[in-house]
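In what follows, a structure is listed as structure tokens, so that the remarks can point back to it.
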Amino acid sequence: MAVAVAVATQLGIADLYRYTLEDYHRLIEAGGFGEGQRVELLDGLIVTMSPKTPEHEAAIRWLARWLILGVDDVRYEVGVGNALTLDSSEPEPDLVVIERGTPAPYHASTAALAIEVSVSSLTRDLRIKTQVYGSAGVLEYWVLDVHGGRLIVQRKPTTDGYAERREYAAGDIVSATAVALPPLALDELLAAAGPAGA
């Protein structure tokens with residue numbers, strides 16, 4: 001591991017091999033990843049996904065229920081851990097709301113809303129995935145910072161991220177703009193994601 005870190009530190013990003021979506025799909029279909037190995041493609045690079053924690057799973061369960069009960073299921077479908085096939089990435093957001101009929105070259109090519117629940121992946125979710133989702137035209141991107149007790153909402157996608165970013169804290173009520181959903185009480189979500197899963 002130490003050698004791999006040293007090599008990655010000394011090489012420039014241009015020296016790394018970037019996988020195409022086709023390369024990545026061939027690897028998956030050929031069984032190139034071990035059983036239970038969790039990876040995703042971000043800008044051509046295969047990266048490991050953060051391990052799931054009880055807080056992460058509790059927050060996803062709460063959000064999934066809120067989305068499924070609140071979304072217009074004639075127009076949209078809700079996905080939990082579903083991949084998106086984007087330009088040079090195939091991330092697997094924790095939750096997505098996808099308009100029915102969205103083109104799907106392999107998986108859906110965009111989403112109305114993508115949500116990441118961040119326990120140990122905050123930097124990746126706020127830096128790299130902001131650019132990935134924004135450039136793919138995902139209309140709204142939420143990051144729940146479980147340990148920070150906040151929800152970061154990004155809207156108005158651009159080629160390198162989002163033009164609008166707003167943070168919500170405990171006590172706030174959050175409304176989606178890309179999809180009609182009931183208001184979300186952040187206190188309730190944070191309580192569900194707490195250590196006791198209350």
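- With Thr110 contributing its side chain and Ala136 its backbone, the two residues share a donor-acceptor pair below 3.5 Å.
- The CG atom of Asp43 lies 4.0 Å from the OG atom of Ser88; values are rounded to the nearest 0.5 Å.
- Shown here for Leu45 and Arg18, the closest heavy-atom pair between the two residues is CD2-CG, 4.1 Å.
- Rounded to the nearest 0.5 angstrom, Thr102 OG1 and Glu77 CD are separated by 8.0 Å.
- Using a 4.5 Å cut-off on side-chain heavy atoms (C-beta onward), Ile173 and Leu186 make no contact.
- Of all the heavy atoms in Arg100 and Val74, the pair that sits closest is CD-O, 3.3 Å.
- At a threshold of 4.5 Å between non-hydrogen side-chain atoms, the residues Leu184 and Trp62 count as touching.
- Using a 4.5 Å heavy-atom threshold, the side chains of Ile46 and Leu27 count as touching.
- Neither Leu95 nor Leu139 shares a network with the other; the hydrophobic side chains, linked directly or stepwise wherever heavy atoms of I, L, V, M, F, W or Y lie under 4.5 Å apart, form separate groups for each.
- Rounding to the nearest 0.5 Å places CG of Leu122 at 9.0 Å from CZ of Arg127.
- Between Asp72 and Arg75 there is no salt bridge, since none of the side-chain N atoms of the basic residue sits less than 4.0 Å from a carboxylate O of the acidic one.
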If you apply the rule side-chain contact (heavy atoms from CB on, under 4.5 Å), what do you find for Val132 with Ser89, and how did you get there? CA-CA 7 Å; Val132 167; Ser89 300; 3.8 Å; yes
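- Placement of Leu189 and Val78 within a single hydrophobic cluster is found when ILVMFWY residues are connected by side-chain heavy-atom separations under 4.5 Å, directly or transitively.
- Within a 6.0 Å sphere centred on CG of Asp187, other residues, nucleotides and ligands contribute more than 12 heavy atoms.
- Linking Ile, Leu, Val, Met, Phe, Trp and Tyr whenever their side-chain heavy atoms come within less than 4.5 Å puts Leu181 and Ile68 in one cluster.
- Atom NZ of Lys129 is separated from atom OG of Ser121 by 6.5 Å, given to the nearest 0.5 angstrom.
- Contact annotation: the side chain of Arg65 approaches that of Leu69 to within less than 4.5 Å [non-hydrogen atoms, C-beta and beyond].
- Here the shortest heavy-atom pairing between Glu90 and Ala83 reads CG-CB, 4.0 Å.
- Of the residues listed (Ile128, Val96, Leu113, Leu86), the one engaging Tyr133 in a side chain to side chain contact (heavy atoms under 4.5 Å, CB included) is Leu86, and it is the only one.
- For the side chain to side chain contact (heavy atoms under 4.5 Å, CB included) criterion with Leu151, the lone passing option out of Ile115, Asp145, Asp172, Val174 is Val174.
- At least one side-chain heavy atom of Leu42 sits less than 4.5 Å from a side-chain heavy atom of Arg124.
- Of the options Ile98, Val71, Leu67, a side chain to side chain contact (heavy atoms under 4.5 Å, CB included) to Tyr76 is made by Val71 and by none of the others.
- Atom CD1 in Ile60 sits 12.0 Å away from atom CD in Glu55 (nearest 0.5 Å).
- The heavy-atom pair separating Ala192 from Ala58 by the smallest distance is O-CB, 3.2 Å.
- Contact record, Leu144 with Ala59: CD2-CB, 3.8 Å, taken as the closest heavy-atom pair.
- Other residues, nucleotides and ligands place more than 12 heavy atoms under 6.0 Å from the CZ atom of Arg38.
- Using a 4.5 Å heavy-atom cutoff, the side chains of Glu116 and Tyr141 are in contact.
- Contact check for Arg165 versus Val153: no side-chain heavy atoms found under the 4.5 Å cut-off.
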Kindly determine whether Trp66 and Glu188 satisfy side-chain contact (heavy atoms from CB on, under 4.5 Å), including the steps that lead there. CA-CA 11 Å; Trp66 174 73; Glu188 292 180 23; over 6 Å; no
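- Judged by distance alone, the side chain of Glu140 and the main-chain N or O of Thr177 form a donor-acceptor pair under 3.5 Å.
- For the pair Tyr168/Arg150, no side-chain contact is recorded, criterion being any heavy-atom separation below 4.5 Å from C-beta on.
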Go through the steps to decide whether Val119 and His56 satisfy the test side-chain contact (heavy atoms from CB on, under 4.5 Å), and finish with yes or no. CA-CA 6 Å; Val119 175; His56 182 266; 3.9 Å; yes
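- Atom CG in Asp125 sits 15.5 Å away from atom CH2 in Trp142 (nearest 0.5 Å).
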Worked check of side-chain contact (heavy atoms from CB on, under 4.5 Å) between Val80 and Arg61: CA-CA 9 Å; Val80 179; Arg61 283 193 304 272; over 6 Å; no
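- Nearest heavy-atom pair across Gln131 and Asp160 is CG-O, 3.4 Å.
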